[in-house]
There are 2 protein chains.
Amino acid sequence: MASRAKATIFDIAREAGVSKSTVSLVLQGSGLIRPETAVKVRKAIEDVGYVYNRGAANLRKAHSNVIGMVINDLTNPFFAELAVGMERVFQSAGIVPFIANTAENPVRQEEVLKSLMEQGVAGLIVSPARGTTPGAFRRLEMAGVPVVFAMRRLPESRIPVITPDNHRGAYLAAAHLIGKGHRRLAFFGGSSDLVVYHERLGGFREACETLGIAARDVLLVEGETSRRGGMACLETALSMPEPPTAALCFNDAVAFGVMLALRKHGLEPGADFAVVGFDDVVEAEHYIPALTSVSVDTAGLGERAAHVMLKMIQSRTTRAEDHIGAVNLVVRESCGPDRRARNRPAGMGDAA
Amino acid sequence: MASRAKATIFDIAREAGVSKSTVSLVLQGSGLIRPETAVKVRKAIEDVGYVYNRGAANLRKAHSNVIGMVINDLTNPFFAELAVGMERVFQSAGIVPFIANTAENPVRQEEVLKSLMEQGVAGLIVSPARGTTPGAFRRLEMAGVPVVFAMRRLPESRIPVITPDNHRGAYLAAAHLIGKGHRRLAFFGGSSDLVVYHERLGGFREACETLGIAARDVLLVEGETSRRGGMACLETALSMPEPPTAALCFNDAVAFGVMLALRKHGLEPGADFAVVGFDDVVEAEHYIPALTSVSVDTAGLGERAAHVMLKMIQSRTTRAEDHIGAVNLVVRESCGPDRRARNRPAGMGDAA
DNA sequence: GCCTATAAATGGAACGTTCCAATAAATCAA
DNA sequence: TTGATTTATTGGAACGTTCCATTTATAGGC
């Protein structure tokens with residue numbers, strides 16, 4: 001219906017009988033123009049079916065209002081929660097964040113970051129893909145684009161980080177397991193190219209050490225941070241000569257996978273083998289058995305990340321304080337006491 | 001480290017000792033430039049830390065290469081699967097799709113669409129928010145931006161649609177339930193402002209009619225298309241004088257909610273009350289009990305939508321054929337036979 | 001060697017905005 | 001009135017690209 005070629009401020013100007021500059025001022029809501037003129041212009045805008053060309057505007061303006069959110073695994077509900085938190089604060093700032101998925105693939109991530117930069121983003125909130133090389137964010141830094149890492153960080157980087165207290169969370173979880181009488185523990189999922197992995201593993205180990213679990217009684221099984229990865233972890237654990245009786249999982253997805261695999265072996269999660277997750281996604285509460293998990297207030301971290309980003313943009317800096325979010329262990333039904341501890345001396349039983 | 005102001009093709013030109021036009025040609029991979037020159041220029045591009053300004057380019061070029069994906073509920077894993085399918089095809093076309101969430105809110109959707117348009121998207125794949133007004137996509141149409149609806153459609157709109165065969169899916173599911181001996185059925189979740197709702201409900205009703213279920217024995221409970229909505233649906237159903245013994249749920253999220261609520265009432269999903277979902281998200285298989293659901297090949301539909309979009313952009317049209325994807329019922333454990341049908345005459349029992 | 005054809009590189013004019021400096025109109029102090 | 005001040009409006013020059021029409025260099029045909 002409308003005019004073939006897209007309308008510009010000149011078309012509006014002609015329609016309203018003013019100059020392009022006046023139109024521009026109206027568009028920006030400047031208080032300098034007479035109210036009646038503004039009304040006239042706004043009507044013309046409607047009439048010609050104008051759509052603002054932000055690309056053109058950004059040519060002159062210093063900054064765009066696009067904020068990108070780069071996520072490593074869209075299928076993990078955890079990140080949806082993170083996104084929801086962010087959106088809450090961006091929405092009230094009149095900003096529409098764009099989400100891009102890297103599917104845990106550094107090459108794809110490179111493309112995504114490049115595309116976002118070309119688009120002239122004002123800032124980026126990133127959960128970097130596993131295996132990200134140290135130089136991946138060099139270009140962003142050179143261009144002075146504010147970046148904050150959420151949930152994950154890179155080994156040595158000055159980019160601010162918003163993350164839960166991984167060490168403490170893992171400590172709490174492991175302590176809980178040990179308190180339940182478990183003596184042979186495993187840490188399932190994740191891999192050492194992830195900083196978070198070391199943090200969580202660190203907390204886990206500290207708990208083991210200070211609470212008297214011998215190093216030879218803790219089993220580490222790296223794996224994908226997904227359900228599938230969790231299933232694989234359990235398999236390899238059960239194939240050990242002296243399998244563990246409880247596991248702290250890198251995240252809830254892994255924990256779900258472990259529980260699935262347990263059932264496949266005729267074992268009941270919680271009763272026959274204790275499992276604790278990390279992240280406390282909404283599903284955790286509803287799973288059967290309900291998953292004990294380290295709650296990290298994902299949406300809250302998302303909000304925090306968004307706030308930090310906004311502040312960075314506003315004060316045009318590329319630096320900010322890190323933020324470590326509080327965590328707490330939500331005890332549900334997925335980890336009962338060590339069965340064998342009840343029946344016979346510890347260190348003898350076989351899980352299968 | 002790098003120069004303060006961001007580098008432009010002029011900087012590259014100076015560095016490489018050529019003209020800006022040559023640089024532009026190199027950037028576009030034109031075959032007109034001498035290979036050695038191209039090499040020289042590419043080196044300069046690296047040296048000055050150049051980042052392409054797509055906004056500026058789009059000022060001259062007819063179309064951008066940005067494709068937006070507007071999704072009504074990011075937290076539904078279903079949409080993540082859809083997104084993954086799309087990304088697969090866009091990736092191989094060298095396109096990075098940007099995802100934006102409307103959180104089932106038409107006002108937010110308006111903002112999102114506006115923002116995307118201002119950004120100059122080449123096309124949009126949209127799952128419209130519930131309650132979207134008919135005029136919401138007028139501007140897009142006026143601007144000639146190709147749009148395809150995925151999974152959901154609007155009442156009267158010429159925008160092409162990629163959707164599963166909702167009618168047939170619901171028919172299959174209802175027929176299955178009836179075949180299991182259930183005589184009082186419910187349809188849970190969704191609302192009549194959704195076209196999909198009518199499609200699925202239509203299939204459900206047709207099965208009831210042709211297989212001899214009286215209209216007074218079917219219960220309709222509208223509700224949110226979420227876990228929470230499902231829980232609410234079951235509550236109201238159980239409060240009826242003669243509650244149903246089986247339900248087809250609008251989608252899997254609703255079905256999960258229903259199963260949760262059943263447990264809360266001490267009822268075992270599958271044994272005491274049959275439930276069928278719709279979409280067959282990956283969780284369905286792993287739930288306890290595993291959810292019988294209508295499988296719609298979500299990722300496949302995503303791929304299809306992406307292909308259609310690509311074709312529309314390429315042939316610069318805003319029209320395309322609708323596509324109705326095949327569905328099939330995946331029978332698992334969430335719907336056993338009607339218990340009461342075994343013990344006593346139908347039409348008497350009470351579910352609670 | 002000269003003219004023509006081809007290849008490679010270039011300057012200039014867009015594209016749709018914003019912003020500054022400048023103008024025009026209205027108001028006020030004297 | 002007149003000059004100074006304030007209030008509204010405006011033209012022009014950017015911004016970083018692409019694309020067209022030229023120019024310049026290279027090669028080919030005779």
Side-chain angles (χ1 to χ4, degrees), chain A residues 3-42 44-45 48-66 114-115 117-122 143, chain B residues 3-42 44-45 48-66 114-115 117-122 143:
Chain A
S3 53
R4 216 75 301 277
K6 58 194 62 146
T8 75
I9 48 171
F10 284 93
D11 299 310
I12 301 172
R14 188 172 348 97
E15 184 82 7
V18 297
S19 81
K20 63 166 181 30
S21 303
T22 304
V23 176
S24 176
L25 260 352
V26 172
L27 247 18
Q28 294 170 82
S30 160
L32 288 180
I33 38 87
R34 201 155 40 114
E36 335 163 25
T37 312
V39 168
K40 204 168 52 180
V41 170
R42 267 190 274 270
I45 290 178
V48 302
Y50 171 75
V51 357
Y52 185 73
N53 184 332
R54 206 166 282 275
N58 286 343
L59 226 38
R60 293 277 339 209
K61 297 233 269 224
H63 260 344
S64 78
N65 72 336
V66 178
K114 177 150 171 276
S115 178
M117 284 196 72
E118 293 181 352
Q119 231 55 242
V121 287
Chain B
S3 51
R4 213 77 301 277
K6 58 194 62 146
T8 76
I9 48 171
F10 285 93
D11 299 311
I12 301 172
R14 185 167 357 91
E15 184 82 8
V18 297
S19 80
K20 62 163 181 35
S21 304
T22 304
V23 176
S24 175
L25 261 352
V26 172
L27 248 18
Q28 295 169 83
S30 161
L32 287 181
I33 39 85
R34 202 154 38 113
E36 335 162 27
T37 312
V39 168
K40 203 169 52 180
V41 170
R42 265 189 274 270
I45 289 178
V48 302
Y50 170 74
V51 358
Y52 186 72
N53 185 332
R54 207 166 283 276
N58 287 343
L59 227 38
R60 295 273 343 203
K61 297 234 268 225
H63 259 343
S64 78
N65 73 336
V66 178
K114 177 151 169 275
S115 177
M117 284 195 73
E118 294 181 350
Q119 231 55 242
V121 287

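Quick caveat, the model's predicted, so the values are computed rather than measured. All values below come from the heavy atoms of this structure, side chains included, with hydrogens, waters and symmetry mates left out. So that the names make sense, note that chain A is the first sequence line, chain B the second, and so on, each numbered from 1.
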_By nearest heavy atom, map B:Leu59 and B:Pro35 onto DNA chain C; which one lands nearer the 5' end?_
B:Pro35
*How sharply is the helix from C:dG1-D:dC30 to C:dA30-D:dT1 bent, taking the axes over five pairs at either end and rounding to 10 degrees?*
50°
*Which heavy atom in B:Thr22 sits nearest to a heavy atom in B:Thr37, and how many Å separate them?*
CG2-CG2, 4.1 Å
_Distance check needed: D:dA14 P versus A:Ile9 CD1, whole Å only._
17 Å
Below 3.5 Å between N/O atoms, which protein atoms pair up with nucleotides 19-26 of chain D? Just atom names and distances, please.
| residue | atom | partner | partner atom | Å |
| --- | --- | --- | --- | --- |
| D:dC19 | OP2 | B:Gln28 | OE1 | 3.2 |

*How is A:Tyr52 classified with respect to the nucleic acid when contacts are heavy atoms under 4.0 Å: base, sugar-phosphate, or nothing?*
sugar-phosphate
*Please determine, for the side chain of B:Ala57, which listed nucleotide (D:dT9, C:dA8, D:dT17) has the closest atom?*
D:dT17
*Tell me, do A:Tyr50 and A:Val23 make a side-chain contact under 4.5 Å, heavy atoms counted?*
no
_Length of the CG-P vector between B:Leu27 and D:dG16, whole Å_ = 14 Å
*Between P of D:dA8 and NZ of A:Lys40, the distance in whole Å*: 14 Å
*So does A:Arg34 get a side-chain nitrogen or oxygen closer than 4.0 Å to the phosphate oxygens (OP1/OP2) of D:dT9?*
yes
*Starting from P on C:dA14, measure out to CG on A:Asn53 and report it in whole angstrom.*
18 Å
*asked:* How close do B:Ser64 and B:Gly120 get, counting heavy atoms only, and between which atoms?
replied: OG-O, 2.5 Å
*Could you tell me whether A:Glu36 and A:Lys40 make a salt bridge, using a distance below 4.0 angstrom between a side-chain N and a carboxylate O?*
no
*Closest to the B:Ser19 side chain: C:dT17, D:dT17, C:dG11?*
C:dG11
*Could you check how far CD of B:Glu36 sits from P of C:dA8, rounded to whole Å?*
10 Å
*Just call it for B:Ile33: base, sugar-phosphate, or nothing, with non-hydrogen atoms closer than 4.0 Å on any strand.*
sugar-phosphate
*Rounded to whole angstrom units, what separation is found between the CD1 atom of B:Ile12 and the P atom of C:dT10?*
14 Å
_In whole Å, I'd like the distance from the CG atom of B:Asn65 to the P atom of D:dT17._
15 Å
_Close side-chain approach of B:Arg54 to B:Asn65, heavy-atom, < 4.5 Å_ = yes
*Nearest heavy-atom neighbours spanning B:Val48 and B:Asp11*: CG1-O, 4.5 Å
